[in-house]
Protein chains: 2
Amino acid sequence: MRKGEETRNRILDVAEAAVLQKGFGGTSIEELIVETGITKSGFFYHFKDKNELAKALLNRYIENDERIYDEIFSRARDLMDDPLQSFLLGLKLLSELVADLPNGHPGCLVATVCYYERLFDREIQETNRNAVLAWRRRFGRMFREIMEVYSPREPVDVDQLADMVSSVLEGGIVLSKTLKEPNTLAEQVLMLRTFVRMLFLPAIESPLVAVRHDQIYGTVRSGGL
Amino acid sequence: MRKGEETRNRILDVAEAAVLQKGFGGTSIEELIVETGITKSGFFYHFKDKNELAKALLNRYIENDERIYDEIFSRARDLMDDPLQSFLLGLKLLSELVADLPNGHPGCLVATVCYYERLFDREIQETNRNAVLAWRRRFGRMFREIMEVYSPREPVDVDQLADMVSSVLEGGIVLSKTLKEPNTLAEQVLMLRTFVRMLFLPAIESPLVAVRHDQIYGTVRSGGL
DNA sequence: CCCCTCCTGTACCCACGGTACAGTTTTCAG
DNA sequence: CTGAAAACTGTACCGTGGGTACAGGAGGGG
């Protein structure tokens, strides 16, 4: 029971790294069993086929992803009371986290599945879709909280704004991987942060606007983190 | 000569659609020759192996991509003299273009290659890298032109700002494909447009800032396109 | 007329996904 | 300690797909 779980996780670890580098089609079961140190029969004991492996891989990835976001943004929430400042801090922490990855971000399995979809069953595609929808809900919730305190400088749809976070992350990963520039992703997260700050905060170098903002919402910290 | 070129292009058409849906590893040469209506020998007459196919596919895709950007932004440049207004119009045109795609955006080959890299030779990876660098130069050039006339509300790095365009496009495609919501990509492009406008233009609902801006740069159209 | 481009046909090899199933070791609960 | 379930190993086999190797044929231009 315990042992089986451990082997299964080892297979998933090896598979995840391989899939993110070569895609599902480019990853052979053969190489997975060699690197994991088990036999083919052993592999098929844990996963009845490649589709099952993909399913487990994707679910594990999404769970882990959610956990990371939970940690970062709840940490930011503990440090900052204001929803906007807390979100901006969260993005800062996120950018630091991806900047500290030794070989750059390995890639996002959601994107991998997205570019491989037709070969998987509907269940996997639904899982993937729900993962993106969960991001939308998560960031949407945070933006709604922010909008209870701040009003955006320009009219924006909350869901689209929430999707912007996912877009920049997914796009940033693609750029970072393609350019082989690990810090590009972190920079993009900070650009997104600039966008969000600009959308909700008065310009830092314009006292004129700051005053106007204060008149409406009261004094808020205008400095960045 | 003429005939061969045509067959070659037909293979590339079929291959492009298949690869964007299933990835390179998930696309078999078998299915390509069936759909193209040629034999296996015929296929290998045109491409000595799958890597060669990928190379041709990627080069053609990038060329076409560049052509589309050239058209859109030169068209926008013809209609608007101001570099910022012209860029904003370009993004609007781009969002309309992707919104009009019947089945949504089919996917970006650059991203597909990015998530398959290790199985291709260095040449393809370099081609891919150069494509992203070309985007950076293209949009960077446009932002530099804008910055000769407007100064950004917040300090930003031009290259990072240029990369933001690529990020949002790549990320928007992933979201759109995964959610099976074709308009998500168009919405993300418009969100990016909001970002750029907000970065360089005074808030539309704030006459105070508009006045301040006018004092510096003279009267500009403040309404959006 | 011949040569070159653009294919078709056939035959074959190996890697990989997957199945089947018999047997063996490990683990852990009673 | 024991026995049954869990966690494997080993072997053999099949179909598909990537790729090679040629031999040969249609069709058009000089």
Side-chain angles (χ1 to χ4, degrees), chain A residues 1-58 60 112-113 115-121 123-124, chain B residues 1-58 60 112-113 115-121 123-124:
Chain A
M1 265 205 203
R2 211 26 160 317
K3 180 92 179 302
E5 197 74 1
E6 191 204 306
T7 306
R8 203 183 128 99
N9 280 327
R10 245 171 51 234
I11 297 174
L12 288 174
D13 287 338
V14 173
E16 185 170 314
V19 165
L20 286 173
Q21 282 196 336
K22 297 173 290 193
F24 281 99
T27 302
S28 73
I29 294 178
E30 198 64 33
E31 66 176 289
L32 297 183
I33 67 178
V34 168
E35 206 165 334
T36 317
I38 54 166
T39 62
K40 207 171 180 179
S41 316
F43 175 89
F44 284 106
Y45 171 77
H46 289 287
F47 307 98
K48 76 171 214 281
D49 55 24
K50 230 185 174 186
N51 195 76
E52 192 101 342
L53 171 71
K55 208 178 292 180
L57 216 51
L58 184 61
R60 200 183 70 145
T112 303
V113 169
Y115 276 105
Y116 200 68
E117 54 174 287
R118 288 275 181 263
L119 289 202
F120 292 128
D121 55 22
E123 191 187 338
I124 287 197
Chain B
M1 265 206 200
R2 213 23 163 316
K3 183 95 179 298
E5 197 74 0
E6 192 204 306
T7 306
R8 203 183 130 97
N9 280 327
R10 246 172 50 235
I11 297 173
L12 288 173
D13 287 338
V14 172
E16 184 170 315
V19 165
L20 287 174
Q21 283 194 339
K22 296 173 291 192
F24 280 99
T27 301
S28 73
I29 294 178
E30 198 64 31
E31 67 175 291
L32 297 183
I33 67 178
V34 168
E35 207 166 332
T36 317
I38 54 166
T39 61
K40 207 170 181 180
S41 315
F43 175 87
F44 284 106
Y45 170 77
H46 289 287
F47 307 99
K48 75 172 215 280
D49 56 23
K50 233 185 171 184
N51 195 75
E52 192 101 338
L53 172 71
K55 209 178 292 180
L57 217 50
L58 183 61
R60 200 183 70 145
T112 303
V113 169
Y115 275 106
Y116 200 66
E117 52 174 289
R118 288 275 182 261
L119 288 203
F120 292 128
D121 55 23
E123 190 186 339
I124 287 197

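Reminder, nothing fancy here: chain letters follow the sequence lines and each chain counts from 1.
- Dashed line: the shortest gap from a side-chain N or O of A:His46 to OP1 or OP2 of D:dC8 is under 4.0 Å.
- The residue B:Lys48 sits close only to the backbone: its heavy atoms come under 4.0 Å of sugar-phosphate atoms, none of a base.
- Note: CG (A:Leu53) to C1' (C:dG18) measures 14 Å, nearest angstrom.
- Within the 3.5 Å criterion, the main-chain N or O of A:Gly23 finds no donor-acceptor partner in the side chain of A:Tyr116.
- Using a cut-off of 4.0 Å between Lys/Arg side-chain N and Asp/Glu carboxylate O, B:Lys55 and B:Asp49 are scored as not salt-bridged.
- Distances shorter than 4.0 Å separate some side-chain N or O of A:Tyr45 from OP1 or OP2 on D:dA7.
- Regarding A:Phe44, its CZ atom lies at a distance of 18 Å from the P atom of D:dT11, rounded to whole Å.
- In this entry the distance linking CD of B:Glu35 with P of D:dG17 reads 14 Å, nearest Å.
- For the pair B:Phe43 CZ and D:dG18 P, the interatomic distance rounds to 8 Å; values are reported in whole Å.
- If you take NZ of A:Lys50 and P of D:dG15, they are 21 Å apart, rounded to a whole angstrom.
- Straight-line distance from the CZ atom of B:Phe47 to the C1' atom of D:dG18: 16 Å, rounded to whole Å.
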Output side-chain donor-acceptor pairs under 3.5 Å for residues 34-41 of chain B, partner residues at least two apart or in another chain, one line each.
residue: B:Thr36; atom: OG1; partner: B:Leu32; partner atom: O; Å: 2.5
residue: B:Thr39; atom: OG1; partner: B:Gly42; partner atom: N; Å: 3.2

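- Interatomic distance, B:Phe44 CZ to B:Glu52 CD, rounded to the nearest 0.5 Å: 11.0 Å.
- Applying the 3.5 Å distance criterion, the base of C:dG18 shares a donor-acceptor pair with the side chain of A:Lys40.
- What separates CD of B:Glu6 from P of C:dC7 is a distance of 9 Å, to the nearest Å.
- Here the side chain of B:Ser41 is nearest to one of C:dT19, D:dT20, C:dT8, namely C:dT8.
- Within the 4.0 angstrom heavy-atom criterion, only backbone atoms of the sugar-phosphate kind lie near B:Ser28; the bases stay farther away.
- Going from atom CG of A:Asn51 over to atom C1' of C:dG18 covers 13 Å, rounded to whole Å.
- At a threshold of 4.5 Å between non-hydrogen side-chain atoms, the residues A:Arg60 and A:Asp13 count as touching.
- Residue A:Ile38 places its side chain closer to D:dT9 than to any other of C:dT8, D:dT20, D:dT9.
- Remark: the B:Thr39 side chain and the C:dG9 base include no donor-acceptor N/O pair separated by less than 3.5 Å.
- Among the nucleotides D:dG17, D:dG19, C:dG17, the one closest to any side-chain atom of B:Glu30 is D:dG17.
- Contact between the side-chain N/O atoms of A:Thr7 and the OP1/OP2 oxygens of D:dC8 is found at a separation under 4.0 Å.
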